[in-house]
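Keep in mind the model is a prediction, meaning the values are calculated, not measured.
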Amino acid sequence: MRGRHAWKGVVFSLAALVALQACGGGNLPPPRWERVEGATVSQRRFLPEGEHYLGRAVAAEIIARYGFDTDAGARKYLALLGTYLVYANELPVTYRNYRFAVLATPEIRAFSTPGGTVLLSRGLLDAVRSEEELAGVIAHELGHLQNKDGINSVGRSKVTSILTAFGTLAASFVGGGGLAAALLQTFEGAVDHAVTDLVNKGYSQSQELAADEAAVRILRGAGYKAGPYLDFSRRIFAEAMAQSASPLSTHPSSAARITALEKSTGRESVSGHASPIRERRFNDAVRTRPSG
Amino acid sequence: MSLFGRRVAVSLVLAVFGAVSIAAAGETLYVQVAETRLRRDASFLSPSTAVLVFGESVEKLSGSAGSWFRVSRSRGAEGWVHASALTTMRLVLKAGEKDAPVPTGRAEPTLAGKGFSAETEGDFKARNPALDFATLDTLERECPSDDAVLQFAREGELR
């Protein structure tokens, strides 16, 4: 499964295209929350509700592109591990909790979308060797989310200014129905941009380094050693460099990330007592495929 | 990213999270997520004593610790809530119409009442019927319970 093509997408970028939320409108049953007062437009954009709905649409697009792995056992295990790690990160509460799923592709990919959807590919699950390594990968994704890396991406896209312009124009020229249509158009543009950015471009080196730093903190806060994540990173970067087709084979950030991880982990030993229960549940959930 | 861009991004983050982190004791805060739990102690693994819903107001009490705020509800129950679930921004209940009339010539109030929401998603789904939002609904329902997460940690000798 880990063939030449599997590395085409090895980029821990993932995205937290957080964003643009003009906030306010709620989806709760009546009575309905309609308005936020006492805030600047910038504040409102980044409230959790809008981020949640943008992230759901981005996740739906990514699932449509790669497919959804229906292995419920793996998904349940990811949800337990991921939620436990969430408790150790700096952004533990999102609009509707965090969600974890497996993408049905042999490519090694990981994505995190605004609002807290973390998507890991089957190829990635095949590549990790232990619960500790998998925890590191998830912690890296949570690092992107807590660092709000998506905001940077949105900033680069100028969607933020588009949204502001939209608000001005909409308020001047359209009524309620027209405003909803204009908002949908803005939403679609933001989703398209986010998907393109996540799937094709990835994050900057500084964002990846920061997410790695966050991952080490999250792992330690949750009681995991960070050494296995360093091991995993070394392994996949080395394999990627052996593959000329891999985008990482000539990517300067790979070596820099390993060097930084070595420093932040203190080259922590990965040997020593390994919990047999962790090993067993990892193998049961990730290595064992459901029949049929 | 340019230094300016980075500063802007950081400022935006601080605009949301910084505001609540410096909230003073006695200040009213509002739940900004669909729901969150009031807990007996300042930990996600502490027992939940109540569920707070989007828009509900709480009063910040003294004795808050780090990212956890000790708060009281209007009906008097006290407990701990993580700061990321709260905002200093006032959420005003407006019973009502799907598309409430909007003022003209005032961009910000318009945006205030019209953000990305379930309605936006509904419109998006109608134009993209091939997208599988039902799977995302399933994932949200599969969120593990506190007890299950605690058991996972204990069994794995993590706590």
Side-chain angles (χ1 to χ4, degrees), chain A residues 21-28 31-39 41-44 46-50 53-54 56-57 59-60 63-64 68 79-80 83-84 87 91-93 95-97 99 101 148 151-152 155 167-168 170-172 176-177 179-180 183-184 187 204 222-223 275 277-278, chain B residues 1 5 8-9 12-13 15-16 32-34 36 44 54-55 82 84-85 87 89-96 99-102 104-108 110-121 123-124 130-133 135-136 139-140 142-144 148-149 152-153 155-159:
Chain A
Q21 112 165 293
C23 168
N27 68 325
L28 297 174
R32 185 169 174 280
W33 298 91
E34 288 246 328
R35 190 171 292 269
V36 174
E37 292 185 352
V41 165
S42 294
Q43 285 176 314
R44 289 196 297 266
F46 296 99
L47 284 176
E49 187 190 24
Y53 285 105
L54 176 63
R56 273 172 59 91
I63 288 172
F68 179 72
L80 285 166
T83 303
Y84 176 63
Y87 293 164
L91 186 63
V93 180
Y95 188 71
R96 284 198 193 280
N97 301 314
R99 299 154 297 280
K148 295 283 181 180
I151 291 174
N152 297 338
T168 304
S172 301
L179 186 60
L183 186 59
L184 173 60
F187 185 78
S204 69
S275 161
I277 291 178
R278 292 207 294 263
Chain B
M1 168 178 289
V8 168
L12 292 174
V13 172
V16 177
Q32 62 170 347
V33 296
T36 192
F44 285 104
F54 180 75
H82 195 273
S84 56
T87 177
M89 288 181 276
R90 183 179 175 217
L91 300 168
V92 179
L93 178 63
K94 182 178 180 183
D99 283 310
V102 294
T104 56
R106 298 175 61 206
E108 296 209 354
T110 301
L111 283 172
K114 295 287 179 184
F116 295 160
S117 66
E119 291 165 5
T120 317
E121 181 181 288
D123 293 340
F124 182 77
L131 293 181
D132 182 11
F133 281 88
T135 290
L136 294 169
L139 295 179
E140 288 179 16
E142 289 180 342
C143 183
V149 176
F152 179 87
E155 283 180 353
E157 301 174 354
L158 296 162
R159 277 289 180 275

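Heavy atoms closer than 4.5 Å to chain A are found in both the backbone and the side chain of B:T120.
In terms of heavy-atom pairs under 4.5 angstrom with chain B, the leader among A:G223, A:A57, A:A101 is A:A57. Ranked by heavy-atom pairs under 4.5 Å with chain B, the first of A:A59, A:A64, A:A79 is A:A79.
Remark: B:A148 engages A:L80, B:P144, B:S145 in a side-chain contact (heavy atoms from CB on, under 4.5 Å) (not counting sequence neighbours). A:A60 is linked by a side-chain contact (heavy atoms from CB on, under 4.5 Å) to B:L131, B:F133, B:L136, counting only residues two or more places apart in sequence or in another chain.
Ring geometry, A:Y87 versus B:F44: the interplanar angle falls under 30°, so the pair is classed parallel (tilted spans 30 to 60°).
Here the side chain of A:R99 pairs no donor or acceptor atom with the backbone of B:E140 at under 3.5 angstrom.
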